[in-house]
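Structure, as structure tokens:
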Amino acid sequence: MAKAQKGPKLQPVRGTHDIMGDKARTFQYINKIFQDIAKRFGHEEISTPIFEFTEVFNRTLGETSDVVSKEMYSFEDRGGESLTLRPEYTAGIARAFISNGLQQSLPCKFFGSGPMFRYERPQKGRMRQFHQIDVEILGAAEPQADIEVLALAVTLLTELNLMANVRLEINSLGDQESRHAYRDALITYFSAHKDKLSKDSLLRLEKNPLRILDSKNDGDRALVEKAPRISDYYNDASKHFFEEVIAGLDALGIDYTLNERLVRGLDYYSHTAFEFITNDLGAQGTVLAGGRYDALIEMMGGPATAGIGWAAGMERLAELISPDLVPVEARPIAIVPVGVTCQAKAIEIAQQLRSAGHRVEMSYRGNMAKRLKRANKAHANEAVIIGEDELARGMVMIKNLNDGKQQEVALDKILNHLKMYLSLEVKKS
RNA sequence: GCGGGUGUAGCUCAGUUGGUUAGAGCGCCAGAUUGUGAUUCUGGAGGUCGCGGGUUCGAGACCCGUCACUCGCCCCA
């Protein structure tokens, strides 16, 4: 708990967190694996600004969406422009696509990561500043893109050892024509049963009827059971498209559950929608989610360009990964000078070792007992003890902190003596 | 935005129906050992009991407000 203070509040702003220690390590681990895999799939990194003109988001997400209507961090800058801290990645990437005239080189495959901001009520797995990794393919209307993007997600979750924790749910919203027909059918159906709908769903009926399908209210669920099914509204093209996606998943041996109630509210979505869901995070069980958004770029004022992608929540992924399974840095070599006269030499030796690629902990203070104690705490493999007596003979004492054995080593043999510790990555035990 | 729970040391938590200077374990610092760590022993630092107000002779305990976290709803990654 932060201590009470006069003056500025020392608490972090609600819903924000400092990332350090195990969490920082886990984030870095996820990011490294993610970047590596994304590159294997032929994606290039894109890093868009953390804030954009407010227009970028409210035009694309829709004025009535919750994100736009009550969750954005919007502000006016000193020039009077309305800016918004990005609540999601896709709109920024779509904007970058248009700004940079990238329609010359389709398809564009991107990946990115970074903080997002939403003014929400914080809970576990839901904060006001959170971090996402993101994958997009722009300019590919083929189902193969859907399959690849899903394969990328599965590869990531597999390499993070999380496939056992999640299930893939997938659905198709069909193309615009199918989707609108279905939407109308839903409105007709639910309007006829208004008296049985929950308060929340009555609102959804106005703003976002598809959302009623995944209501958690028992009364709603009973109604949804008998509601029209989206699969009955696919036109031939939509049906065929979805069959190809599913066939692709089958060919790759990817398990999935068809969930006809999995929907996207926003208007630019079409065809494939999917979520990787876990039961281990309570109400915030969606760990990675995405879909096809063929209408987005055009809606923003760009050339009609298909798109598909997904985003995953870093915090949610990290929550599922035990810190014990995250590789740690190689154990260091500790440098222990004895007495002030040896400090200059100690720094010199530390520098040599570091230049050679070792991770080196230099101790600054205390008698030898203290310094060794600290070396031990730093998990050092070896302590290079540098004392006047040995230096006079051109030697140092190197002590193995695992077995306690020590031996004198000539100054010019130190690197050779320690080379076995170079670039060792160990699992925390 | 709505409803429930929680808030005592760096961490995990005790704290009796309100009663003197608020405790433990772990961690941290120091000494036993001024050139040898992980064990042990001894000592020490660290809390306006989340914050503000109220009730009371007396509040960490009770009441109100507020902030933060947490669970569910909503929404979403």
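Quick note on labels: first sequence line is chain A, next is B, and so on, each numbered from 1. All values below come from the heavy atoms of this structure, side chains included, with hydrogens, waters and symmetry mates left out. Just so we're clear, the structure is a prediction, and the values are computed from it rather than from any experiment.
When Watson-Crick and G-U wobble pairs are counted only if both distances are under 3.5 Å, B:G18 pairs with no nucleotide at all.
Side chain of A:Val338, nearest nucleotide from B:C76, B:G35, B:C2: B:G35. Comparing B:C76, B:C29, B:G4 by their nearest atom to the side chain of A:Lys377 picks out B:C29. Nearest nucleotide to the A:Ala369 side chain, out of B:A77, B:G37, B:C71: B:G37. Of the candidate nucleotides B:C73, B:A77, B:A68, B:A77 has the atom nearest to the side chain of A:Ala289. Counting only heavy atoms from C-beta on, A:Asp389 has its side chain closest to B:G35 among B:G35, B:G72, B:A30. Nearest to the side-chain atoms of A:Lys216 among the listed nucleotides B:C71, B:C75, B:A38 stands B:C75.
Regarding A:Glu319, its CD atom lies at a distance of 12 Å from the C1' atom of B:U70, rounded to whole Å.
One donor-acceptor pair, N or O on each side, does fall under 3.5 Å between the base of B:C74 and the side chain of A:Arg126.
At B:C74, one or more side-chain N or O atoms of A:Arg204 fall inside 4.0 Å of OP1 or OP2 (strictly under the cut-off). An OP1 or OP2 oxygen of B:C76 is reached within less than 4.0 angstrom by no side-chain nitrogen or oxygen of A:Arg118. The side chain of A:Gln284 contributes no N or O atom lying less than 4.0 Å from OP1 or OP2 of B:A77.
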Tabulate below the donor-acceptor pairs under 3.5 Å that side-chain atoms of residues 129-141 of chain A make, not counting sequence neighbours, or state none.
unit_1: A:His131; atom_1: ND1; unit_2: A:Glu315; atom_2: OE2; d: 2.8
unit_1: A:Glu136; atom_1: OE1; unit_2: A:Tyr293; atom_2: OH; d: 2.4
unit_1: A:Glu136; atom_1: OE2; unit_2: A:Thr90; atom_2: OG1; d: 3.0

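Residues of residues 154-164 of chain A having a heavy atom closer than 4.0 Å to RNA chain B: none are found.
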